[in-house]
2 protein chains.
Amino acid sequence: MGVKQYMRQGIERQRPLTLEVRDELERMILDGEVAAGERLNELTLAEQMGVSRGPVREAARSLEHEGLVRTVANQGVFVRELSLESALELYDLRAMIAGYLCGRVAEKADPVVNKALRQAVRDMDAAIAAADEPRYFEINLAFHDRIAIAAGTDRAQRLYTSLGKEVRLLRRRVLCGDESLRTSNHEHDGIVAAIEAGDADAARAAGMQHHLNSKSRLKITM
Amino acid sequence: MGVKQYMRQGIERQRPLTLEVRDELERMILDGEVAAGERLNELTLAEQMGVSRGPVREAARSLEHEGLVRTVANQGVFVRELSLESALELYDLRAMIAGYLCGRVAEKADPVVNKALRQAVRDMDAAIAAADEPRYFEINLAFHDRIAIAAGTDRAQRLYTSLGKEVRLLRRRVLCGDESLRTSNHEHDGIVAAIEAGDADAARAAGMQHHLNSKSRLKITM
DNA sequence: CAACAGAATATTGTTGACAATCTACAATCA
DNA sequence: TGATTGTAGATTGTCAACAATATTCTGTTG
């Protein structure tokens, strides 16, 4: 009886389908391909990705604790709807974590890291001067990632990343003008300065304030 | 062909097995019934709980993002091992979240909540006077839960709870003497006072410091 | 026409079977 | 002896089928 079994060719090491599906699902949600509040149909998704429902279910469970979806028994999983209020709270939370991370980096005083951060600030300045917003955002992302990783605290890093994704559930776009970018990078400069000085408290405060300011800049666009 | 199908009797509302298994697994880990670093055998657990491997796998994925287990592809899920260093970082993180929660509660200024918190402090004093440590810990837990819930920020609350569980992976027991309890409850008093006064900043600072002090008290016992 | 009851359908919950991979141990060879 | 290879068993990864529940449709009744 024609049972189609699974087999993936090639030398490439086996990555469980669950992870593959998880990443794809996450992307779909963050890119807004599925609207907030919408139900994720297991069978549809499974067929769409060419897998069975098992991996899809596991992936959903995985996403659940990241706050990207919510599950209702016997009804399915739904893309989480994020109220503006909740999103702002997420910003607060993330700001605290960011501050913590900056403080840790300052304590570490790793010359290589510090140099890279300093360079990132310069590069962002260049991007602003060139009016290259996409590039600015790219470096900005790398800048904050770098800090999160350099802090060396796995849990806090994951949390920071996770909260960052969660915030993206709020689909409204933030349009930053030139001025906003300049201000933001000036704050970056302050963070790096504190880190370079090895002043953990100042770095923490600067890192946190930077994120709180981002929140404010976001707020006024709505 | 004698296929044993699933059916659970009774009027009780259907709670998915995945959740049941998840809770049981979490309990086993937190109670130390499975040692840190140990592998969780899917089949064994499934038979033990009288379910199939599906729900067990889903439960594992669920626990993964809470930091209680770690998964290695094609090898299985392992109870996470928490270094002392990581545990202390968790305390820092949790202290920040706790501070945030306390600040929120102060802003809310809900008389009912405030009254309950004040009463809890009195009850803990009574428990200390009666040298009833178990009761103290019970109220203490309820006290902090109450604050987390009253803050009204779902994400922060879940995070606070989650971090609390994660810390328990560090199995070493903290033996608190009478003096430690008194000091701790004095700090509780300070937190409630700030909340009652509606001073969010003070409440935040007190809540955070209380947890950092707990960390210090823990530290010296090792 | 609205409200309800019941059947038909769609979707989630759970399972057992099979494939792929890893692990442990034995056999082989230098 | 020690390293390596090969095989057998155990364990995870995946799937398709069936059960239980939720949802939708339809016809009936007031």
Side-chain angles (χ1 to χ4, degrees), chain A residues 1-25 28 34-35 37-65 68-80, chain B residues 1-25 28 34-35 37-65 68-80:
Chain A
M1 55 302 282
V3 181
K4 187 182 66 177
Q5 298 301 1
Y6 67 98
M7 186 188 60
R8 277 169 292 165
Q9 76 285 30
I11 304 90
E12 64 192 60
R13 68 179 215 67
Q14 276 280 34
R15 196 176 178 236
L17 286 187
T18 298
L19 295 182
E20 222 74 61
V21 173
R22 192 203 161 286
D23 287 350
E24 173 65 4
L25 248 181
M28 288 172 71
V34 285
E38 192 173 322
R39 202 187 79 234
L40 299 175
N41 186 308
E42 288 178 9
L43 191 56
T44 304
L45 287 170
E47 286 174 347
Q48 203 169 304
M49 305 189 193
V51 301
S52 80
R53 285 172 49 219
V56 174
R57 290 187 122 251
E58 285 188 38
R61 287 282 174 279
S62 186
L63 256 36
E64 188 172 16
H65 278 270
L68 293 188
V69 301
R70 110 193 111 85
T71 301
V72 181
N74 288 321
Q75 263 183 282
V77 313
F78 302 79
V79 178
R80 186 143 164 256
Chain B
M1 56 303 285
V3 182
K4 187 181 66 176
Q5 299 300 4
Y6 68 97
M7 187 188 60
R8 276 169 294 163
Q9 75 287 27
I11 305 90
E12 64 194 58
R13 69 183 210 62
Q14 276 279 38
R15 197 177 176 234
L17 286 188
T18 298
L19 294 182
E20 222 75 60
V21 173
R22 192 201 161 287
D23 287 351
E24 173 65 3
L25 249 181
M28 287 173 70
V34 285
E38 193 173 320
R39 202 188 78 232
L40 299 175
N41 186 308
E42 288 178 8
L43 191 57
T44 304
L45 287 170
E47 287 175 347
Q48 202 169 304
M49 303 188 193
V51 301
S52 79
R53 284 172 50 218
V56 175
R57 285 177 67 87
E58 285 189 38
R61 287 283 173 277
S62 186
L63 256 34
E64 189 171 15
H65 277 271
L68 293 187
V69 301
R70 112 194 106 86
T71 301
V72 181
N74 288 320
Q75 261 181 287
V77 313
F78 301 80
V79 178
R80 184 143 165 258

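Note on naming: letters A, B, ... go to the chains in the order of the sequence lines (proteins, then strands), and numbering restarts at 1 for each one.
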Original post:
Can you tell me how far P of C:dG13 sits from CZ of B:Arg22, to the nearest Å?
Top reply: 16 Å
**OP:** Please report, rounded to the nearest Å, how far the C1' atom of D:dT12 is from the CG atom of B:Asn74.
**Re:** 6 Å
Original post:
A:Leu19 CG to D:dT12 P: how many Å, rounded?
Top reply: 16 Å
**OP:** Could you work out which one of D:dA22, C:dT11, C:dG13 sits closest to the side chain of A:Arg39?
**Re:** C:dT11
Subject >> Value rounded to 0.5 Å, distance of CG in A:Leu25 from CE in A:Met49 >> reply: 4.5 Å
Original post:
Can you tell me if the side-chain N/O atoms of A:Thr18 get under 4.0 Å from OP1 or OP2 in D:dT14?
Top reply: yes
**OP:** Taking the side chain as every heavy atom from C-beta outward, state whether B:Val69 and B:Glu64 have any atom pair closer than 4.5 Å.
**Re:** yes
**OP:** Calculate the interatomic distance between A:Leu17 atom CG and D:dG13 atom P; express it in whole Å.
**Re:** 11 Å
Subject >> Which atom of B:Thr18 lies closest to which atom of B:Pro55, heavy atoms considered >> reply: OG1-CA, 3.8 Å
Original post:
Just how far, in rounded Å, is C1' of D:dT12 from CG of B:Asn41?
Top reply: 9 Å
Original post:
Between C:dT12 atom P and A:Arg70 atom CZ, what is the distance in whole Å?
Top reply: 14 Å
Subject >> Shortest side-chain distance from A:Val51, nucleotide among D:dT21, D:dT12, D:dC15 >> reply: D:dC15
Subject >> Interatomic distance where CD belongs to B:Glu38 and C1' belongs to D:dT11 [whole Å] >> reply: 15 Å
Original post:
What's the shortest heavy-atom distance between B:Arg39 and B:Gly76, and which atoms?
Top reply: CD-CA, 4.4 Å
Original post:
In whole angstroms, how far is the P atom of D:dT14 from the CZ atom of A:Arg15?
Top reply: 11 Å
Original post:
Does OP1 or OP2 of C:dT23 have a side-chain N or O of B:Gln75 closer than 4.0 Å?
Top reply: yes
Original post:
Does any non-hydrogen side-chain atom of B:Leu45 lie less than 4.5 Å from one of B:Met28?
Top reply: yes
Subject >> Pairwise side-chain contact, B:Glu20 with B:Glu24, heavy-atom cut-off 4.5 Å (strictly under) >> reply: no
Original post:
Between atom CG of A:Asn74 and atom CZ of B:Arg15, what is the distance when rounded to the nearest 0.5 Å?
Top reply: 12.5 Å
Subject >> Residues from residues 52-62 of chain B lying under 4.0 Å of DNA chain C - heavy atoms >> reply: B:Ser52, B:Arg53, B:Gly54, B:Pro55
Original post:
With sugar-phosphate meaning primed atoms plus P, OP1 and OP2, does B:Leu40 contact a base, only sugar-phosphate, or nothing at under 4.0 Å between heavy atoms?
Top reply: sugar-phosphate
